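Down below is the structure, laid out as structure tokens.
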Amino acid sequence: MQMPQPNDNPGDPEGVVARSSMGAAELREGSDTVEGEDRPQSTPAPGVTRAPEVGGGSEAAEPTHPTKVDVRGLSLWYGDTQALFDVSLRIPEKDVTALIGPSGCGKSTFLRCINRMNDLISAVTIRGQLLLDEADVYGSEVDVVQLRSRVGMVFQQPNPFPKSIYENVAYAPRIHGLAKKGAEMDELVETSLRKAGLWKEVSDRLSMPGTALSGGQQQRLCIARAIAVNPDVILMDEPASALDPVATATIEELIDELRSNYTIIIVTHNMQQAARVARYTAFFHLGEVIEFDDTDTIFTNPSQKRTEDYITGRFG
Amino acid sequence: MAANLQAEKRIRQRYRREQRFKALCIGAITLAILFIFVFFADIIQRGYTAFYQAQIQVEVTYDERSLEIPAAAVSEEVRPLVSRGFLRQVPGHVQSDPDLKGRTVTRWVTADTGVNQYLKDAHTGLSPQEKATVDKLHEAGRIEFAFNTNFFTRGDSKMPEMAGIKSAVVGTILTLAVTMAVAFPLGLMSAVYLEEFATDNRFTRFIEVNINNLAAVPSILYGLLGLAIFINFLGVPRSSALAGGLTLALMTLPIIIISTRAALRAVPDSIREGAFGVGASRLQMVTHHVLPLSLPGILTGSIIGMAQAMGETAPLLLVGMMAFIPSAPDGVTEPATVLPAQIFTWASMPQRAFDELTAAGILVLLAVLLTLNATAVLLRKRFERRW
């Protein structure tokens with residue numbers, strides 16, 4: 001397969017973006033035949049792999065779900081290695097969007113762009129636009145701390161703080177000044193734990209360290225911790241990959257309950273999981289979005305050859 | 001069949017090789033333990049006698065004459081057997097208790113070092129006549145061994161029976177207080193900055209390499225640096241605990257930085273991500289999560305750094321702490337000495353009686369160092385967290 005040349009001059013933003021988007025365009029043209037006009041017009045396309053200006057048709061197809069995260073031509077480099085190539089996506093509000101793809105395809109990297117967790121890694125260069133509610137996440141006036149209180153995150157390995165269960169949930173509201181100490185905070189902790197489906201299991205031992213819970217409980221504690229500040233978006237980076245099937249099922253049920261209130265973006269290795277929990281699915285491959293569509297369409301009638309190859313298990 | 005035999009032979013060979021290697025390792029450990037054992041046995045055997053000391057019961061006359069010539073306070077017979085250090089205190093007794101004036105009191109007083117040495121079967125400068133007196137008094141129960149309180153309550157002295165470690169202990173405490181007051185916050189801040197805030201670039205890498213190099217610099221060079229900067233340039237009083245403490249702080253700083261960084265690095269990144277993920281700022285991430293988790297490790301490293309500073313002598317030589325300090329310093333700017341320096345001073349004294357004092361000083365220093373290290377180990381054991 002033809003790849004865009006690795007960028008040898010990251011200091012030149014215009015050149016870089018131009019080159020990588022050109023590379024992506026070439027790929028799209030060259031790689032397959034199903035794309036473009038052959039696509040059934042009835043398919044609701046919440047976002048497109050094409051450049052946004054080309055995707056006029058898709059805007060009309062999503063009246064029920066306004067766009068929450070609008071990504072336009074996002075490219076990312078770790079040092080000299082390009083990890084994301086001109087990614088464009090429109091992630092709809094208050095539903096579950098899954099990002100699937102083989103290892104190293106850039107789906108986690110992309111996820112971490114949304115709450116700017118990639119800022120923590122030095123030598124990351126990002127070009128392009130990522131809009132959250134039409135405001136640029138990478139704008140100079142954006143406060144990262146503020147952003148992360150709106151975009152919560154759940155990680156692959158459950159990582160509760162080595163503090164009490166109560167403290168784990170109360171920590172974020174406290175540092176953001178969302179609730180006063182005492183009854184108000186107690187209530188917030190209870191609500192968050194209830195939403196995360198953990199309250200019944202831990203209500204009588206809130207002072208126990210969060211790390212003493214089982215893996216699945218820890219992960220739900222992390223979800224409770226994330227929703228305690230009432231974010232708009234919850235990013236989940238393979239939240240169930242370290243859990244057993246039963247705990248995974250519990251987490252998936254929980255995601256299903258949360259979908260009406262939060263925009264959930266979930267990275268998963270497990271295609272069945274994507275099919276079970278997500279309304280929309282984006283297929284990433286080698287740092288590019290190959291296809292983004294309704295989950296049903298992606299799994300039953302993908303428009304791209306590579307998507308089909310991946311979901312039928314021919315690679316990845 | 002032949003192949004089978006060969007395989008068997010190879011296996012036997014392998015077992016023999018493993019046995020040989022194990023034997024060598026056990027030998028090495030045995031040798032190390034033997035060295036430690038010999039060292040401790042030697043020091044204890046030399047030093048334990050310093051913890052008790054002869055005292056003599058004499059009649060002390062506090063009259064006009066003895067106030068002028070203190071030696072006249074005791075009878076001529078026992079005069080050479082009583083510590084001159086005690087006789088010098090006679091006028092002081094009257095001053096602090098005027099009732100004593102004109103009275104004769106029977107009391108136990110510190111005996112001269114000659115009596116001590118004689119009774120401990122060591123070389124002594126006593127004349128045969130004096131030896132006879134000592135024997136007579138000893139039999140009459142007027143000369144006895146008692147716990148050597150002077151060793152812990154008095155400073156250095158030219159008279160071995162009066163010499164103690166108090167001024168050195170106070171000096172050590174003051175010096176280490178200065179050292180830790182300077183090195184701990186500086187080291188902690190540097191380590192936290194390098195580990196949690198600084199970006200990885202050529203400049204920070206350069207600093208890192210140099211900190212590691214600093215930890216390997218011979219300590220006497222820190223003494224030269226301290227002499228040049230603190231005493232000659234900044235005008236810190238010579239031989240003071242301040243000058244010594246600052247010099248030792250220079251030496252301890254890299255140790256604290258390195259151990260603190262190791263402790264910070266032991267906190268898994270998932271904790272940092274979790275904190276960032278809920279919108280903690282970098283400072284909140286460090287102070288709420290990473291520092292509390294790494295504190296036991298940081299303290300352990302600092303205690304070990306402190307123990308190392310405590311046993312250090314070479315840099316203090318150059319800032320004048322190798323001094324004769326009879327009375328304990330009252331502040332950090334007064335002349336002071338430290339335990340290892342006191343040991344060195346005693347070791348170079350000509351009188352044989354200082355031998356046992358030297359060994360006793362080493363025992364005290366070892367006891368303190370072992371306590372410090374044991375605390376560090378306990379702290380690590382108690383609070384260590386496995387991820």
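Model, not experiment: these values are computed from the prediction. The chains referred to below are lettered A, B, ... by the order of the sequence lines, with proteins before strands, and numbering in each begins at 1.
Dense packing is recorded around CE of Met208(A), with more than 12 heavy atoms of other residues, nucleotides or ligands lying under 6.0 Å away.
Neither the backbone nor the side chain of Arg272(B) comes within contact range of chain A; no heavy atom of the residue lies under 4.5 Å from a heavy atom of that chain. Only the backbone of Pro160(A) comes within contact range of chain B, judged by heavy atoms closer than 4.5 Å. For Arg112(A), the part lying under 4.5 angstrom from a heavy atom of chain B is the side chain only.
Within the 4.5 Å cutoff, side-chain heavy atoms of Leu206(A) are placed close to those of Val202(A). Ser190(B) places none of its side-chain heavy atoms less than 4.5 Å from the side chain of Ile256(B).
For the pair Leu258(A) and Ile223(A), the tightest heavy-atom approach, listed with the atom from each and the gap, is CD1-CG2, 3.9 Å.
Here the two rings, on Phe161(A) and His288(B), have centers that are 6.0 Å apart or farther.
Contact annotation for residues 138-156 of chain A against chain B (heavy-atom separation below 4.5 Å, listed by residue number): Val145(A), Arg148(A), Val151(A), Gly152(A), Met153(A), Phe155(A).
Side chain to side chain, Ser270(B) and Gln157(A) fail the donor-acceptor criterion of an N or O pair below 3.5 Å.
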Please walk me through it: do Glu18(B) and Lys22(B) pass salt bridge (charged side-chain N to carboxylate O under 4.0 Å, His left out)?
CA-CA 6 Å; Glu18(B) 271 173 24; Lys22(B) 217 166 97 182; over 6 Å; no

